[in-house]
Q: 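If you scroll down you'll find the structure; I have some questions about it.
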2 protein chains.
Amino acid sequence: MMADLNAETRNRISESTIRRLSLYFRALSFLEGDEHETVSSKELAKSEKLTPAQVRKDLSFFGSFGTRGLGYPVTELRDKIARILGIDRVWRVALIGVGNIGSALVSYKEFIKQGFHIVKLFDNDQRKIGSNHKGIIVSDIKDLVKELKDDSIEIVVIAVPATVAQYLVDDVVKAGVKAILNFAPLNLRVPDDVHVRNENMAMELEYLSFAMVNDHPPRRPK
Amino acid sequence: MMADLNAETRNRISESTIRRLSLYFRALSFLEGDEHETVSSKELAKSEKLTPAQVRKDLSFFGSFGTRGLGYPVTELRDKIARILGIDRVWRVALIGVGNIGSALVSYKEFIKQGFHIVKLFDNDQRKIGSNHKGIIVSDIKDLVKELKDDSIEIVVIAVPATVAQYLVDDVVKAGVKAILNFAPLNLRVPDDVHVRNENMAMELEYLSFAMVNDHPPRRPK
DNA sequence: ATCTTCTTGTGAAGCATTTCACATAGGTTC
DNA sequence: GAACCTATGTGAAATGCTTCACAAGAAGAT
Ligand SMILES: NC(=O)c1ccc[n+]([C@@H]2O[C@H](COP(=O)([O-])OP(=O)(O)OC[C@H]3O[C@@H](n4cnc5c(N)ncnc54)[C@H](O)[C@@H]3O)[C@@H](O)[C@H]2O)c1
Ligand SMILES: NC(=O)c1ccc[n+]([C@@H]2O[C@H](COP(=O)([O-])OP(=O)(O)OC[C@H]3O[C@@H](n4cnc5c(N)ncnc54)[C@H](O)[C@@H]3O)[C@@H](O)[C@H]2O)c1
């Protein structure tokens with residue numbers, strides 16, 4: 001039901017809803033292992049500390065996937081959410097900066113399972129260029145624009161020092177890439193049609209710090 | 001002005017405000033390098049793609065730090081925010097799981113600069129126990145509770161496989177730790193007085209994926 | 001001293017998101 | 001096949017967050 005969204009509906013969907021879809025997807029993937037055939041909004045909510053109403057409302061933006069009196073079919077709902085999130089296909093990902101964080105990401109197997117295939121690595125360190133990481137040869141950063149284009153890269157992960165990140169991102173944008181996952185602690189400037197998500201670990205630690213000095217009880221739904 | 005917050009004020013402060021304080025802190029740290037003595041809410045907003053009103057409102061929850069007609073004194077505001085966030089002190093951090101992600105975190109120098117000192121590492125791999133990472137000897141996980149207590153650890157970073165994370169977190173909670181930064185992709189169950197923040201990279205990639213398949217323009221303030 | 005200019009600090013308005021509450025509909029039982 | 005049970009789907013209410021708009025305060029100029 002409701003395969004594609006029109007522009008109007010699409011823009012009503014909040015960032016939080018999308019983030020929760022990721023959580024539902026993860027929870028459903030867990031349940032699939034079990035013998036669970038169906039799951040209720042109540043159970044789904046409990047596993048991610050949300051409210052049942054929230055789960056139902058989120059899903060209702062995209063269609064009606066459940067059966068009244070029964071709940072949602074686990075596998076089917078998982079697949080529908082995968083489709084909505086666009087992870088029912090392969091995404092070609094390149095990673096720039098094969099340092100501490102970069103190496104950790106290349107070795108991470110879960111990304112492949114979700115369709116995120118890291119197919120290209122870039123660095124400017126002569127010792128790293130040409131070396132093999134999990135079957136991928138590190139490319140020279142000087143060929144960045146050409147190789148991103150030639151390889152039809154769709155998502156770029158930035159794992160270089162903040163000082164060079166903006167400069168490299170300008171090239172990434174030139175290569176026509178529309179999605180960037182950024183680990184460098186700075187606000188990247190990109191055109192309006194390029195999507196950027198930031199991974200900011202310092203921010204999360206600072207949040208914990210704030211919570212502790214203020215003895216702030218964690219926010220939870222009832 | 002307004003050194004400590006009473007319980008009532010504290011709970012009015014939203015998560016988003018705290019997260020933005022981190023951004024302001026980062027932006028101010030940058031500006032400090034420059035010859036900037038003061039900064040206006042407009043400039044601060046621009047550097048993190050927010051609105052000036054948002055900046056002023058966020059800061060106003062904690063006091064009035066600016067001078068009308070002039071703006072905010074960079075160094076002073078930076079210090080005030082550090083105080084609010086609780087990063088004007090040292091936090092004793094332990095990291096569990098010295099694998100791909102764990103190793104990357106230990107090598108990261110920015111955390112120390114913000115007062116987050118990783119002073120303890122744990123693993124259950126005999127080859128890793130006793131080895132030296134950036135001057136820290138990896139401890140055996142079997143001594144977890146005792147060592148967390150003895151070393152007065154305040155924040156624990158979870159960088160182990162999801163399958164064992166909950167089990168280890170139960171011990172972390174037993175040791176009296178009240179703040180956890182979790183990299184494992186699951187929802188940890190902890191008592192109400194323990195704060196958990198999740199670092200979920202898959203979620204960010206999925207958001208990018210959704211944005212692209214829906215050609216969703218990135219949300220930005222005007 | 002007064003006037004001008006600039007930017008803060010903040011109630012109030014405007015939006016957005018979450019929660020409520022219940023009509024509705026599918027499944028199950030007798 | 002009727003009655004009952006259960007959990008969805010969804011307008012409407014409640015809550016929360018952001019933006020507006022302007023009074024007021026501070027610095028510098030005249
Ligand atoms: N390590 C962490 O735990 C951590 C945590 C949070 C954020 N970060 C951020 O992630 C980024 C990477 O951190 P890291 O610890 O992996 O650093 P790193 O120094 O280990 O790795 C950076 C890599 O980028 C490469 N590089 C530098 N300049 C380049 C250029 N012009 N072109 C191509 N490659 C270039 C270097 O050769 C190196 O391999 C930094 O911005 C850092 O602030 C790291
Ligand atoms: N590597 C990544 O890029 C990445 C990205 C996102 C999330 N994560 C998550 O971070 C976590 C760690 O990932 P990783 O890639 O570093 O894995 P890894 O296998 O490289 O490291 C895990 C470490 O935990 C240790 N460990 C296992 N069981 C333990 C136990 N019972 N007690 C103590 N130590 C134990 C292992 O010995 C190993 O050193 C996982 O939950 C993973 O899903 C990793």
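A quick note: this is a predicted structure, and the numbers were derived from the prediction, not measured. Protein chains get the first letters and strands the later ones, always in sequence-line order, with residue 1 at the start of each.
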Q: Could you give the CG-to-C1' distance, from B:L70 to C:dT8, as a whole number of Å?
A: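 Rounded to the whole Å, the gap is 10 Å.
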Q: Roughly how many Å is it from CD in A:E76 to P in D:dT8, rounded to a whole number?
A: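 Roughly 14 Å, once rounded to whole Å.
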Q: Within this structure, what is the CG-CG distance for the pair A:L77 and A:L28, rounded to the nearest 0.5 Å?
A: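 So the gap between those two atoms works out to 5.0 Å.
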Q: Should B:Q54 be listed as having a side-chain N or O under 4.0 Å from OP1 or OP2 of D:dC17?
A: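 Indeed not, no polar side-chain atom of B:Q54 lies that close.
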Q: Would one find a side-chain N or O of A:Y72 under 4.0 angstrom from OP1 or OP2 of C:dG26?
A: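 The answer is no; no side-chain N or O of A:Y72 sits under 4.0 Å from OP1 or OP2.
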Q: Atom CZ of B:R12 to atom P of D:dC17: distance rounded to whole Å?
A: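 It works out to 11 Å between those atoms.
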Q: A:F62 CZ to D:dT8 P: how many Å, rounded?
A: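 That distance rounds to 18 Å.
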Q: Does OP1 or OP2 of C:dT7 have a side-chain N or O of B:S41 closer than 4.0 Å?
A: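 Looking at the OP1 and OP2 atoms of C:dT7, neither is under 4.0 Å from any side-chain N or O of B:S41.
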Q: Between CG of B:N198 and CG of B:L186, what distance do you get to the nearest 0.5 Å?
A: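 Interatomic distance, B:N198 CG to B:L186 CG, rounded to 0.5 Å: 8.0 Å.
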Q: In whole angstroms, how far is the C1' atom of C:dT18 from the CG atom of A:L59?
A: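 In whole Å, C:dT18 C1' and A:L59 CG are 15 Å from each other.
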Q: What heavy-atom pair brings A:P52 and A:A45 nearest, and what distance separates the two atoms?
A: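 Heavy-atom minimum between the residues: N-CB, 3.5 Å.
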Q: Which sits closer to the 5' end of DNA chain C, A:A53 or B:A53, going by the nucleotide each is nearest to?
A: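 Whichever sits nearer the 5' end wins; that is B:A53.
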Q: Assign each of A:G66 and A:G69 to its nearest nucleotide of DNA chain D by heavy atoms, then name whichever residue's nucleotide is nearer the 5' end.
A: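 Residue closer to the 5' terminus by nearest nucleotide: A:G69.
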Q: Taking atom P of D:dC20 as reference, at what distance in whole Å does atom NZ of B:K42 sit?
A: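 The answer, rounded to whole Å, is 14 Å.
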Q: For B:K57, which contact category applies under a 4.0 Å heavy-atom criterion: base, sugar-phosphate, or nothing?
A: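 B:K57: base contact, heavy atoms under 4.0 Å.
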Q: Looking at D:dA7, D:dC17, C:dT10, which one has an atom nearest to any side-chain atom of B:S14?
A: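 Closest of the options to the side chain of B:S14: D:dC17.
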Q: May I ask you to evaluate whether B:S64 reaches the phosphate of C:dT8, defined as a side-chain N or O under 4.0 Å from OP1 or OP2?
A: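 It does not, given that no N or O in the side chain of B:S64 lies less than 4.0 Å from OP1 or OP2 of C:dT8.
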Q: Between A:N200 and A:E204, do the side chains contain an N or O donor and an N or O acceptor separated by less than 3.5 Å?
A: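 A:E204 and A:N200 do not have a side-chain donor-acceptor pair below 3.5 Å.
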Q: Using the closest heavy atom to pick a nucleotide of DNA chain C for each, name whichever of A:T67 or A:D58 lands nearer the 5' end.
A: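 Here A:D58 is the residue nearer the 5' end.
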Q: If you go through the side-chain atoms of A:R68, does one of them form a donor-acceptor pair with the base of D:dT6 closer than 3.5 Å?
A: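 Side chain to base: no pair below 3.5 Å.
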Q: Give the rounded distance in Å between these two atoms: CD of B:E37 and P of D:dA27.
A: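 Taking atom P of D:dA27 as the reference, CD of B:E37 is at 14 Å.
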Q: Please confirm whether the backbone N or O of B:R56 pairs with a side-chain atom of B:S41, one donor and one acceptor, at under 3.5 Å?
A: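 Between the backbone of B:R56 and the side chain of B:S41 there is no qualifying donor-acceptor contact (under 3.5 Å).
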Q: Would you say B:R56 reaches C:dG9's phosphate, i.e. side-chain N/O to OP1/OP2 under 4.0 Å?
A: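 Answer is no, no contact under 4.0 Å.
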